[in-house]
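Each chain gets a letter, A, B and so on, in the order its sequence line appears, and its residues count up from 1. Predicted model, so just to flag it, every value in this text is computed and none were measured.
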Amino acid sequence: MLKLLAVPAPVFLLAACGGGMSQQMEDPKDLDASLVYGYIDMADGPCWLQWFNMHQVSPKVEKPYVNFRIDEGVFYAEFVPLGSFQFHELGGWGSFPNGNTSYNFMFPKQAEGLRIEKPGMYFIGCFKMKDLGNFFKSKYDIDISENPGEREVLSKMLPHAKGTLWEQDIRRRLEALK
Amino acid sequence: MNRALPALLCLLAVSCVPSKRREVDSPTWLRSGEVLIIGRVLLTPPLTPEEQSLSWLATDWRGKVMLVIGDEPTPISRPFSTSEYSGRIEAPADREFSVALPGASFSVRGCVVPLDLSGGPADQAVLPGGFRVEVKPGDVALYIGTLHYRRDEFLEGHHRRRGRRVPPHPVRVSEALGRFRPAAESADDAIPDAKAVA
């Protein structure tokens with residue numbers, strides 16, 4: 001019984017809190033903080049998106065990893081400082097029939113990235129995971145996707161920004177996208 | 001066992017890496033039909049230790065840039081397989097390389113910088129090349145100059161040789177980059193440019 005509980009418990013906790021990050025946004029502690037957001041559809045992947053982070057490559061800092069908050073494929077981080085960033089890693093726990101397995105997908109270090117020179121809202125885009133594997137070998141890739149659009153992503157984030165300074169910014173952006 | 005497995009995998013990977021070009025310091029060390037090639041690869045800004053994750057088996061590669069040569073200036077494709085290290089020239093960061101090559105013209109296809117050889121899926125930066133080095137009969141030693149790469153924080157950049165801009169590579173550097181590295185695979189697209197929207 002203990003063995004059975006030991007595995008579902010962390011899976012449940014991770015699923016509930018998006019890989020350790022709460023879904024609720026907070027007011028920025030730094031006035032130069034930016035809100036970075038996007039979406040990845042993992043329906044064709046071996047797991048749902050449960051953790052996703054990016055790496056600050058410039059300027060060098062003591063803690064260079066920025067973890068995104070996650071809500072059903074929508075990822076967002078409202079505390080991103082000025083600097084240059086690259087996607088680093090995403091993953092999740094496998095769903096049936098791949099349960100009880102942790103999947104980590106790494107991004108190469110040589111790739112385009114996000115350069116934030118002034119604070120604001122940055123929409124990275126929407127992506128879709130593709131299953132390119134076969135019966136003998138698993139292989140996945142991600143591709144740029146048109147859907148859902150930025151508006152849908154912001155709508156999904158809005159409840160998590162309630163009561164914060166970001167709420168107004170998101171509403172303003174939603175108005176502009178109408 | 002958990003600690004030993006990555007080390008074993010790395011040992012296997014490194015042991016499978018094909019041999020490099022023979023380093024020689026003087027034409028007197030050349031064998032029949034060989035020519036001495038001298039040159040330098042400069043990366044600006046230089047690699048920092050944090051940018052490379054190398055196991056103790058590959059620490060010798062720290063700071064080095066691998067020149068990939070071939071008969072034709074074919075761009076290095078991704079994913080880059082270990083077998084393509086075959087016949088590489090290991091260029092140290094702080095000085096010129098000096099190797100023995102067969103006495104025939106060759107092309108510099110590009111350079112590879114090992115970024116992650118820590119036991120998991122390998123990762124490397126691929127830098128463009130695409131020029132030819134003509135070796136004439138009777139040549140004993142050739143100085144091919146300095147291949148100078150200027151790169152940004154995303155390891156993208158352009159290169160100059162002998163102070164002259166090399167014609168643009170047929171493939172934009174960012175297009176040749178893998179975006180995704182699941183398990184042991186990689187893809188050929190890049191993260192699109194993100195735009196500030198507010």
ask   = Will you find, in the side chains of A/Gln110 and B/Arg78, an N or O donor that is under 3.5 Å from an N or O acceptor?
value = yes

key: Same apolar cluster (I L V M F W Y, side chains within < 4.5 Å links), A/Leu165/A/Met157   = no

query = What's the spacing between B/Asp123 CG and A/Met106 CE if we round to 0.5 Å?
reply = 8.0 Å

Check: B/Glu153 and A/Gln86 side chains under 4.5 Å, non-hydrogen atoms = no

note = With chain B, the option among A/Ser58, A/Ala176, A/Ser84 that has the most non-hydrogen atom pairs under 4.5 Å is A/Ser84

query = Got more than 12 heavy atoms from elsewhere within 6.0 Å of CG, B/Asp71?
reply = no

inquiry  = Can you confirm whether A/Lys60 is buried at NZ, in the sense that more than 12 heavy atoms of other residues, nucleotides or ligands lie under 6.0 Å from that atom?
reply    = yes

message = Quick one, B/Glu51 and A/Val57 - any side-chain contact, counting heavy atoms below 4.5 Å?
response = no

ask   = So if you build clusters from Ile, Leu, Val, Met, Phe, Trp, Tyr with side-chain heavy-atom gaps below 4.5 Å, do A/Leu177 and A/Met121 land together?
value = yes

ask   = Does one hydrophobic cluster hold both A/Ile144 and A/Ile40, with members joined at side-chain heavy-atom distances below 4.5 Å?
value = yes

message = How long is the straight-line distance from CZ of B/Phe154 back to NZ of A/Lys109, given to the nearest 0.5 Å?
response = 15.0 Å

